[in-house]
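Everything below concerns the one structure shown next.
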Amino acid sequence: MGKAFAGKSVVVTGSTSGIGLGIARAFAGGGANVMLNGLGEPAAIEASRAGIEKEFGVKARYHGADMTRPAEIADLVRTAEKEFGAVDILVNNAGIQHVSPVDEFPVDKWDAIIAINLSSAFHATRAALPGMKKRGWGRVINVASAHGLVASPYKSAYVAAKHGVIGFTKSVALEVAELGITVNAICPGYVMTPIVEKQIDDQARVHGIPRENVIRDVILAPQPSKQFVKVEDVAAIALHLASPAAAQINGTSISIDGGWTAR
Ligand code: NAD
C-alpha cells in the first residue's frame, strides 16, 4: 500500500525540536517531503535532516528563517516551493514562552512572543495560500495551545498570542472554505519538550519552589490526567487533519490536554 502523504510537501516552522520535529518526522513517515526550520546547533539540525531522509526515504531540507522576520518567512515558503514543487501542508508551530507578571513583562519578550507565536503564522500562511489556491488543495495546521482557549497567570503574551492564533485560524478557514483548503488549530496541554523544561525553571523562580513541586503543583495542576501529552500523539492529530477524512474539519481547534479545558 502506498504511503498516505507520498507526493505531498510539508513545511513545519520550528521543527528543529519538540512538537515540530515530531510532526515533521510523522509526515516524512507518511511519505511526504519535509522542510525543516528553526534554531539550533547546525550539526544537530543536519543530523535530524539527514536522519529523516535516511529513515523515511523522502526529501528533507532545512531553511533557517527567523520567525521574527517576515521576509525570511516568505523565503522559507518560496524555497520549499522551489525544492519540492509545492507547499501542500503548512504547519505553523514555532513558538517561545516567557513567564512574568504583566507589569514586569519585558517589552522585547512581549514583541518576540507576538511575532513568533502569532505573526509568523500570518506571514507563512500568506505566502503559502496562493499555491494552495492554484492547486485547489491545501492544509494549514496551527499549533496553538490549551492557552489558546483558557488562560494562566504570568503568561499574558503567550495567552494573547495563542488566542490570536485561534482567531486567525477561524478567519482564514472561512476565506478558503470553498477552495479545497482547510485551516485548523491543535491545542495541546503540557508536552514535555524544551519549552516546558524552561518553564519549569522559570516558574520555580517566580514561585520560589523546587522543580519537582513545579511539575506536580504548577505545570500539571491544570491537566486533570496528571500526565504529559506525548509529541507523537500531537503529530497524529496533524496527520489526521491533513488526511482526506478531515476534509470537512475546518476553522476549529482540536484539544489534546488530558481534560484541562473541560473545566
Ligand atoms: P520547543 O522549544 O521544543 O520548539 C520550538 C521550536 O521553535 C524550535 O524548533 C525552535 O528552534 C523554534 N523557534 C523558536 N524561536 C524561533 C525563531 N525566532 N525562528 C524560528 N524558529 C524558532 O517547544 P515545543 O514545545 O515543541 O513547542 C512547539 C509549539 O507547540 C509552540 O508553538 C508551543 O507554543 C506549542 N505548545 C507547546 C506545548 C508544550 O507543552 N510543550 C503545549 C502547547 C503548545
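Predicted model, so just to flag it, every value in this text is computed and none were measured. Just follow the structure's listing: the first ligand is 1, and inside any ligand the first atom is 1.
Within 6.0 Å of CZ in Arg216 there are more than 12 heavy atoms belonging to other residues, nucleotides or ligands. Atom NZ of Lys226 has more than 12 neighbouring heavy atoms from other residues, nucleotides or ligands inside a 6.0 Å radius. Residue-environment remark: OH (Tyr154) stays at or below the threshold of 12 foreign heavy atoms within 6.0 Å.
Side-chain contact check for Asp88 versus Arg139: every heavy-atom pair is 4.5 Å or farther apart. Using a 4.5 Å heavy-atom threshold, the side chains of Phe228 and Ile215 count as touching. Two residues are said to be in side-chain contact when any heavy atoms from C-beta on lie closer than 4.5 Å; Val10 and Phe5 fail this criterion. You'll find the side chain of Val229 reaches within 4.5 Å of the side chain of Gln223, heavy atoms only.
Applying salt bridge (charged side-chain N to carboxylate O under 4.0 Å, His left out) to Arg61 and the options Glu46, Glu81, Glu83 leaves one that passes, Glu83.
Looking at atom 4 (O) of ligand 1, its nearest protein heavy atom turns out to be Ser17 OG, 3.6 Å. In terms of protein heavy atoms, atom 18 (N) of ligand 1 is closest to Asp66 OD1, 3.1 Å. Closest to atom 5 (C) of ligand 1, if we only count protein heavy atoms, is Gly95 O, 3.7 Å. Closest protein heavy atom to atom 23 (O) of ligand 1: Ile195 CB, 3.3 Å. Protein heavy atom at the shortest distance from atom 21 (N) of ligand 1 is Gly38 CA, 3.6 Å. Protein heavy atom closest to atom 28 (C) of ligand 1, with residue, atom name and distance, is Asn93 OD1, 3.3 Å. For atom 12 (C) of ligand 1, the nearest protein heavy atom (residue, atom name, distance) is Gly14 CA, 3.6 Å. Among all protein heavy atoms, the one lying closest to atom 43 (C) of ligand 1 is Pro188 O, 3.3 Å.
By the criterion of a heavy-atom distance under 4.0 Å, the backbone of Ala65, and not its side chain, is placed next to ligand 1. Under 4.0 Å from ligand 1, the heavy atoms of Ile96 that appear belong solely to its side chain. Contacts between Ala146 and ligand 1 below 4.0 angstrom, taking non-hydrogen atoms only, are absent altogether.
At least one heavy atom of Tyr158 sits less than 4.0 Å from an atom of ligand 1. Within the structure, ligand 1 lacks Asn117 among the residues with a heavy atom less than 4.0 angstrom away. Within the structure, ligand 1 has Lys162 among the residues with a heavy atom less than 4.0 angstrom away. For Ala144, the heavy-atom gap to ligand 1 drops under 4.0 angstrom.
Residues Asn93 and Ser15 have side chains that never bring a donor and an acceptor to within less than 3.5 angstrom of each other.
Nearest-heavy-atom check against atom 38 (C) of ligand 1 across Gly40, Gly20, Gly189 picks out Gly189. Closest heavy-atom approach to atom 11 (O) of ligand 1 within the set Leu21, Leu39, Asp257: this belongs to Leu39.
The shortest N/O to N/O separation between Thr16 and ligand 1 falls below 3.5 Å. Residue Ser145 has no nitrogen or oxygen atom sitting less than 3.5 Å from a nitrogen or oxygen atom of ligand 1, judged on distance alone. Residue Met67 has at least one nitrogen or oxygen atom sitting less than 3.5 Å from a nitrogen or oxygen atom of ligand 1, judged on distance alone.
Taking the charged nitrogens against the carboxylate oxygens, Arg211 and Glu197 do have a contact shorter than 4.0 Å, which makes a salt bridge. No salt bridge links Lys198 with Asp201; every basic N to acidic carboxylate O contact stays at or beyond 4.0 Å.
Under a 4.0 Å criterion applied to the non-hydrogen atoms of Gly18, ligand 1 contributes the atoms 3 (O), 26 (O). Listed by atom number, the atoms of ligand 1 under 4.0 Å from Ser15 heavy atoms are 9 (O). Close approach of ligand 1 to Ala94 is summarised as follows: ligand atoms under 4.0 Å from at least one heavy atom of the residue are 7 (O), 32 (O). Of all the atoms in ligand 1, the ones that sit under 4.0 Å from a non-hydrogen atom of Tyr190 are 40 (O). Of all the atoms in ligand 1, the ones that sit under 4.0 Å from a non-hydrogen atom of Val196 are 39 (C), 40 (O), 41 (N).
In this structure, CD1 on Ile113 lies 8.0 Å from OG on Ser156, to the nearest 0.5 angstrom. For the atom pair CG (Leu39) and CD1 (Ile116), the distance works out to 7.5 Å, reported to the nearest 0.5 Å.
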After noting the C-alpha distance and the side-chain angles of Val150 and Arg263, does the key distance pass the side-chain contact (heavy atoms from CB on, under 4.5 Å) rule? CA-CA 10 Å; Val150 296; Arg263 285 186 205 279; over 6 Å; no
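Relative ring orientation between Tyr190 and Trp260 is described as parallel, the plane-to-plane angle staying below 30° on a 0-90° scale split at 30° and 60°.
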